[in-house]
Structures are given as C-alpha cells and as structure tokens.
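Some notes on the structure that comes next.
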There are 2 protein chains.
Amino acid sequence: MFKKQYNYYLNLVEEYLESLPFEESLICRSMNYSLNGGGKRIRPVLALACVELVGGQPVKFVREAVALELIHTYSLIHDDLPSMDNADYRRGKLANHKVFGEAIAILAGDALLTMAFELLSQPLSIPAERQLRVIREVASAAGYKGMVGGQVLDTFNNIEINTIADIEEIHSLKTGALLTAAARLGAILGGGTEKEIEKVTRYAADIGLAFQIRDDILDVIGDSAILGKPNGSDQKLNKKTYPYLLGLEGANTKLRETIESAKEAIQSFGPKAAFLELLADYVAERQN
Amino acid sequence: MFKKQYNYYLNLVEEYLESLPFEESLICRSMNYSLNGGGKRIRPVLALACVELVGGQPVKFVREAVALELIHTYSLIHDDLPSMDNADYRRGKLANHKVFGEAIAILAGDALLTMAFELLSQPLSIPAERQLRVIREVASAAGYKGMVGGQVLDTFNNIEINTIADIEEIHSLKTGALLTAAARLGAILGGGTEKEIEKVTRYAADIGLAFQIRDDILDVIGDSAILGKPNGSDQKLNKKTYPYLLGLEGANTKLRETIESAKEAIQSFGPKAAFLELLADYVAERQN
C-alpha cells in the first residue's frame, strides 16, 4: 500500500517536472540536469500527502509541491560548490558544477530558487490569502532563518558543535525547515484547520530529524553503491554526527524515538494517517 | 524638485532597510554589508514613483519596493564572484566575497533573494490576487527568462556578440527585466489600469537600456573615483559595449533617442509624469 501510494504522488511530481517548459539553453540544461537527478522527492510527496490528509485533492496542488523540489535542488547545487562542501558527486552522478562549471551551477541554483516562487504564485482556485501565506512560509523556511541559516552553521561552525542540541539546531534549520514548510504547504493549500496544520508541522519536524539521523547512520554503515556517494565521508571531514556523539546504537535508539514521536503527532487523524505513518518508517529504514 | 522627490522616495527605502530585523550573525552581517552599499536604489525609487503616478500612496508599498533592492543586491553579490565577473570592488568598497569569503557571499545572495519573496508576500490592504500577480511577475523577471538569463549571456556568450541587437538582448534581460518589473510592481500595487501598467513598462524598458548605455559610456569617460571602480575595465575584458560598436558619439546619440522614447511612453500622464521624466534625464547624465 505504501509503495503504491508513494508512487502515485511521485508520478504526479515527475510528470509535472517533465512538463516544465525549459528551453534548449545552457542554463536550462543545467537546471534540468539537477532536477532530474533521481531524488526521492520526499518534500513534494510529503506536501501532497498532507493535502490529502486534511481532505484536499493532491492533483490540484502538484505545481506548488514541485516548487519545494526546485528549492531543495537549488540548495543541493549550491551546497556542492567548491567553496561549500566541495562535493564531486550527488545522487550517484557528477555534481552540477562538475558538469557545467561553477558559474552556471550558481546561476542554475539562483534560477531554480526564483522559479519556485513563480510556480507558487500562479493562479489557483483557492483563496489568494491562503496562497500568500504559503509563499510567506516557504520563503521564511528557505531563508537565513531557515535552510540557508542551517547551511551557514553546517559550513562554518563545525568546530563548536559538541552536543546533540547543537546538531539538532543545525538540522532543524538545514533539513527540518523546508520539510516542515512542505507539510504546512500541503495542509494549508488542502484547506486544513490551524490545529491540523500544527499537527503536520510537528510530524514533519520529527521526520526531518529522523531523516538526518538516518543519513548520519548510513554514512557509517551504508553501501557506497546504493548511497550514490562514498560512505565514511562524515568521518573523513571530522563531522560531528549522531553516531559520533551517541554511538551507533545510541543513534539508532534516538532514531526510533523520533519516529514514534512523529507518528504520535498525527495519530488523531486515524486511518487517514496510515500513509504518513509508513512514510516515517520508510525514512527510518531507507538505504539511500 | 527632482532631487527632493528622489530623496523622499530614497529615505523611505533607507528607513525600511534600516528597520529590517537582522540578527548579529555572520550571514546577516554579510547581507547587510551589501545592502548598505550606498546604491542609488533606482529600482525601489522607480517602483514608488510608479505607485504615485497611477494614484496610489507610496508609503503603503515601501516593503514591496525594497524587495526589488534585495533582488538587485543578491544579483550583484553573485555577479562579483570569482567564477563570474571576479570583481574585487563594488560601489567603491570591497565586494562581498572579498570580505566574507565565497561561501558566505553565495549564501548571503541566496538569502537576500529568498527574503525578497518573504517581503513581497506579507499581508497588504489590497486584493491578494494583485499581490500574487506582482510576485509572479517579479519571479519571472528575476529568473532564467530574465535577469539570470541575462547574466548567463553576459558571462558566456561575449564572443558571439557582434551587433547592437545582441547587446540589447543581454541588457533587456540583465538590467531591463528587473527595472520593468519594478515599474510594473508600482503600477499594479498602486491600482493602475492595464493601459497604465503597459505605459510604465515601456518607460522602464527604455530606462533600463539607457542605464546600460550610460554605464558603458562611463566606463570609457568616467572618473574612477566617482565610479567607485576602475574605468576602462570593459575594454580590458574586451567587452562588446555600445561605445565599442557605435563609437562614443554614436552611443551618446543612441542614449538621447532612448531617453526621448522613455519620456514619450509616459507623456499621456501629463504633469504627474514630471518626476519620471526627470528621472530619465538623471539616468542619462549620471556620473556613477
């Protein structure tokens, strides 16, 4: 059931991505290269699942969900740049800047971020105030108080990270903010109540945390071929990770607790929450 | 009269910029450094003048006008990066990346771009549909079909530029798109008719062109101290400019014609257009 539902959302997202009217230009090829990187599309999938959870129709908000994937993709392109994480590979293929050069990689990221807001502001058949709220929240989550702020901390403050609270702050910004925005986008566009929006927010914050813990664990135990990048790279960079601070067993315990907390947040939706509960398990058990 | 009016708009913009709630963090200091670079703020000023031109109240839309300055500032930070124009100075002081390093400069640009959309989507006392239209148009103008596209052409296609039409295409994207968006933002938020919006669009497109021609001319005849950057740099980079293609006299003629065309576009507004007419002259005669 989980896989079928995931693929239903995923297909909506992929179809929309394929329909984007990119020209045959250098910048568009670069944007497309990273957009078609074979990601899990967890942000738009989460958004569409939250639309459905609160009683909305996912097919009506695919464009808005895809905007989140554009923002995520831009952040990956910029994070991989030589002056940031200096990563040569991403999702098993060459990083954007390794194919198109630094200048185009920066500009493709800029263009994807900008395009996200173009997609978010197209006419919809819901109250425009609701749409403005989504734009406001997504911009806030992606900016210096959210995702960009997390990247700054991740790139520059590594030396001062000593406690679980420190890495949780980074990840709640770097990964959590946009995941939370995705869930809220879905719940707001889908017509959820404030209480429902609040619930999916807590769910998504936990999922974001779990995602990062699993990422850290996979860097230790994962298979490089399945990961699409070499494992052990955190250790090489001397990164403070969950396994580094808690040990592998401690990190696994923390992961389980976080998943339980995520499920609890949406428990009151009853059977309608089944997909999101399974999504939580998927995040905890994924191999890449 | 012109200077007084310009300073009125400028003060609104500067006051708002100063009131932005930046924290004492590395990323905010970097954003602030470039925002307080002492620019002419021509985009927000143009926007506020267009609000007034169509009968709206400029004080009501300062935040939205400032969003354009954030987008402009982000584009300057990214353009100056080593992998792009590799400029050490901007507006007479060190470029952002020379002070904060490449990584922070990239992230500060990202954060400014993102924050612009946060500012554009705050609640306003006008129909939300109108606000969504502004966001849509600004995003489109700033993206790969507009400003980013212009930067790509400017950075990579220099070799193939041989005609005035070629450079006009670049500049209509690189400078014109955001200026046009600024004028339209003002006219739309101010409650202008479609015809009025159309008129300021033509005006702004001409102003953008004139701005670039004057820029090219100043690079030949300007005073480095007043310019805040070394002159003659276009020639050093072998850039195809208006003076390069038309000669200095030809470029000056082209500039005068463009200014006339700009004034003609807004003629029908009568005396209300006085400020924008003087703004056109200012663009043609500025020394930096």
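Everything quoted here is computed from the prediction, not taken from an experiment. In what follows, chains carry the letters A, B, and so on, assigned in the order in which the sequence lines appear, proteins first and then strands, with residues in each chain numbered from 1.
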Original post:
Which residue pairs satisfy the ring pair (Phe, Tyr, Trp, His ring centres under 6.0 Å) criterion with at least one member in residues 103-125 of chain A, sequence neighbours excluded?
Top reply: A:F117-B:F117
Out of curiosity, [X] [atom1] to [Y] [atom2], how far, rounded to the nearest 0.5 Å?
| X | Y | atom1 | atom2 | value |
| --- | --- | --- | --- | --- |
| A:L81 | B:S83 | CG | OG | 7.5 Å |
| B:M115 | A:K145 | CE | NZ | 6.5 Å |
| A:H78 | B:H78 | NE2 | NE2 | 6.0 Å |

Side chain, backbone, both or neither: which part of [X] has a heavy atom under 4.5 Å from chain A?
| X | result |
| --- | --- |
| B:L132 | both |
| B:P127 | neither |
| B:M31 | side chain |

Top of [options] for chain A proximity - count of heavy-atom pairs under 4.5 angstrom:
| options | answer |
| --- | --- |
| B:I135, B:V148, B:D110 | B:D110 |
| B:A108, B:S140, B:G146 | B:S140 |
| B:Q122, B:E137, B:R133 | B:Q122 |

**OP:** State, to 0.1 Å, how close B:R136 and A:S121 come at their nearest heavy-atom pair, and which atoms those are.
**Re:** NH1-O, 2.8 Å
Original post:
Could you name the residues of residues 98-107 of chain B that have a heavy atom within less than 4.5 Å of a heavy atom in chain A?
Top reply: B:E102, B:A103, B:I104, B:I106, B:L107
Original post:
Which of residues 69-76 of chain B get closer than 4.5 angstrom to chain A, counting heavy atoms alone?
Top reply: B:Y74
Subject >> chain B contact residues among residues 13-25 of chain A, heavy-atom distance under 4.5 Å >> reply: A:P21, A:F22, A:E23
**OP:** Counting only heavy atoms closer than 4.5 Å, note whether A:P82 contacts chain B via side chain, backbone, both or neither.
**Re:** neither
